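Keep in mind that this is a model prediction, so the values were computed, not measured. Proteins come first, then strands; the chains are lettered A, B, ... in the order of their sequence lines, and each starts at number 1.
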Protein chains: 2
Amino acid sequence: MAAILTERRQFILKLVVQEFIETAIPVASETLVRKYKLRVSSATVRNELAALEDLGYLTQLHISAGRIPTDAGYRFFVENLMDRAPLSPAEQRTIRHQFYQVRSELDQWIHLAATVLARTAQNASVVTPPRSYQSRFKHLELIAIHDTTVLLVLVLHDGTVKQQTLTLDTARSQEDLRRYSARINERCADISTSQIEELVMRDQQREHPEFSDLEQQVLEVILRAMRQFEDQINEEIHSDGLIEMLSQPEFIPALIKAEDAERAVERMRCALEILTSGRGLSLLIPQALASEGVQVVIGGEHSEDEMREYSVVLSRYGVNGAVAGVLGIIGPTRMSYPRSISTVRYIASVMSDLLRELYGVEKRSLDQD
Amino acid sequence: MAAILTERRQFILKLVVQEFIETAIPVASETLVRKYKLRVSSATVRNELAALEDLGYLTQLHISAGRIPTDAGYRFFVENLMDRAPLSPAEQRTIRHQFYQVRSELDQWIHLAATVLARTAQNASVVTPPRSYQSRFKHLELIAIHDTTVLLVLVLHDGTVKQQTLTLDTARSQEDLRRYSARINERCADISTSQIEELVMRDQQREHPEFSDLEQQVLEVILRAMRQFEDQINEEIHSDGLIEMLSQPEFIPALIKAEDAERAVERMRCALEILTSGRGLSLLIPQALASEGVQVVIGGEHSEDEMREYSVVLSRYGVNGAVAGVLGIIGPTRMSYPRSISTVRYIASVMSDLLRELYGVEKRSLDQD
DNA sequence: ATTAGCACTCTCACGTCAAGAGTGCTAGTA
DNA sequence: TACTAGCACTCTTGACGTGAGAGTGCTAAT
């Protein structure tokens, strides 16, 4: 039996993957014939299944169990076999409506995106906030709290707000602070970290520096905050829907009798670890940020070993040349790839449209596929 | 055998609670005699245990198992029997050092507090940000993003920063926006929500209102944000250390053979639910905010039924008359109350000192007990 | 190429059984 | 009266065995 991937074998592979994604039960030859009304006998299907196993697309947990897809099987399914599964118009409407309701609260967007992703795909979600690839100074505000303590509020070009406290050598009035911030705001309007650096440097070398000691102190804090920001850019991962993921049969011992219940507990702990530590994800974010379209990483394809049982579906979102972030789904390798991909694609497009609106670029169509 | 709580019975109760907290194994009469070198036989201890069971302080899972404390047992232990367990000087030093490092980054404080609480008490932690009981306007900034889109940054008296976007009818220059915000900042400096409300009302009733349409629109947004803030004040719960809690034996089937492994899974899911939904906690927060000292709620004492297996140790922190928040530990009823209480008390005092420093009140001693 | 038939393997649920842990009770002692 | 030794009793736990059922792989026939 030569191991050739015939048309029929591809069809059977597709059925096996779909069936397993749906039921989480290893699929048997008999089941396929019955459920999909195949015109051949179960014995024939068995031969084909054996061939698909030889080809590395299927495997079985033990000799008298049905087949489950390997990572390669899922991969082939995603690339070649999968049917598109666009969100229903009703779902699209609901989602758009939810985003419409919080459109003016910038910091709610990520929360909402994470929640909606998780609920729609029934798995955990990850979202990074929209950031410009290079932070530019937008605005500074100095607010006297008391005596020598000052609250410094820094607004960056992409809308990020950062707050710090600052202790001065001598007390200054709010009026003084206003003057300082006004000058810095004027000098630094819309310039990048490195340009501020240069500005400070040049000024210090003059005989009569333009900036006072206090202003230099403030600029130093700003620079540090901005640099810190650029370093952190990929690490700020917001996540939601752990519960949704843990409601998948993989984590419910009663539904997955084939194994020890302790495995399920261990798996839950591992999932929690992945989502809170961010290891294994932080590697994928920059990659997704640099790519177009939806990225899928399946099980063993991950570089991190603890991700071996999980797949990730990611997409970039944002406005070209202005800001960009990443959002996606993480779940067991047996996740519904069609649905996850559609969900990620749709929500990325909604977020992008919102951002385009905010940044004044013309709106694209929201309707999917 | 009259059910009287003699001195000796109290002592034995204390031993049982300590032993069970330490090992998570139901404690047997024999074990007590051996481990604590009691001068009486196991039979005598058995009689005392039976009496303590009659009194409602102990129970057993099944007839041939050791005793475990009831909620009432834990309660009596916490109120009357428990030894103090202050954090070691080394631990105190480490914690102070960690807070010192992020002292200027206000938004890091809560994160750090949650992390440190969780790691020190080996359970999950909850922290609400420090808020003043009534929000007062501090500062407004309007930043032109493009055309008619404006970013509104609102700073409240307690250092909270809130950002919103705003769409105007007609485009305004940044200079215009500066003038508007300057006037509002001047008029509204340091006043409360209701005072702003009044101000706006009075102004609208004049023949020639002082505030322009745009300014009124902005004030409306500010008011809404501030009101929303006051409503949310108890719901903004930050949490950490779920992993620490799930490392407790209660959640590890291998260590708690007495039950089905599926129970452990169900319990993990419930714990996750509690921490993410915030139900059952949100009731306790205002209560803790209104009390002095450390509050302990044990198992069935909770009003929420899903909290029956968990205990919570909470304390208020903050500066009297200025800002206050709540922090605490949540874990299985078999948590180390002495350690949790010390940890909560210590971190509350560190946070309070930090805030006092920020608000310019003299510092109290940091050392515990 | 397909299929009917069958032996084979492995899981799963159930029952049994013996060992062990811990108790409660009784009777006896200081 | 307070304590204790001893023992019967209960219940868990783990090991083992067994039979039913699921699903496969192979062979021989079409």
With sequence neighbours left out, write down each residue that passes salt bridge (Lys or Arg N to Asp or Glu O under 4.0 Å) with [X], or none if nothing qualifies.
{"X": "A:E304", "result": "none"}
{"X": "A:R279", "result": "A:E306"}
{"X": "B:R308", "result": "B:D305"}
{"X": "A:R75", "result": "A:E79, A:E301"}

- Task: Determine yes or no for a side-chain-to-main-chain donor-acceptor pair under 3.5 angstrom, with A:D71 supplying the side chain and A:G300 the backbone.
- Result: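 The answer is yes, because a donor-acceptor pair under 3.5 Å joins these two groups.
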Using whole Å, report how far [atom1] of [X] lies from [atom2] of [N].
{"X": "B:L38", "N": "D:dA2", "atom1": "CG", "atom2": "P", "value": "19 Å"}
{"X": "A:R8", "N": "C:dA1", "atom1": "CZ", "atom2": "C1'", "value": "8 Å"}
{"X": "A:N47", "N": "C:dA4", "atom1": "CG", "atom2": "C1'", "value": "13 Å"}
{"X": "B:L49", "N": "D:dC3", "atom1": "CG", "atom2": "C1'", "value": "15 Å"}
{"X": "A:I12", "N": "C:dA1", "atom1": "CD1", "atom2": "P", "value": "15 Å"}
{"X": "A:H62", "N": "D:dG21", "atom1": "NE2", "atom2": "P", "value": "17 Å"}
{"X": "A:D54", "N": "D:dC26", "atom1": "CG", "atom2": "P", "value": "10 Å"}
{"X": "B:E48", "N": "D:dT4", "atom1": "CD", "atom2": "C1'", "value": "13 Å"}

- Task: Inspect the contact between A:E266 and A:R269 and indicate whether a charged nitrogen and a carboxylate oxygen are less than 4.0 angstrom apart.
- Result: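 Yes, charged N to carboxylate O under 4.0 Å.
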Set of side chain to side chain donor-acceptor pair (under 3.5 Å) partners for [X], sequence neighbours left out:
{"X": "A:T120", "answer": "none"}
{"X": "B:E309", "answer": "B:R267"}
{"X": "A:S41", "answer": "A:T44"}

List every contact pair, protein side and nucleotides 19-22 of chain C side both N or O, where the distance is under 3.5 Å.
{"residue": "C:dG22", "atom": "O4'", "partner": "B:S64", "partner atom": "O", "Å": "3.3"}

Find every protein N or O atom lying less than 3.5 Å from an N or O atom of nucleotides 15-18 of chain D, and list the pairs.
none

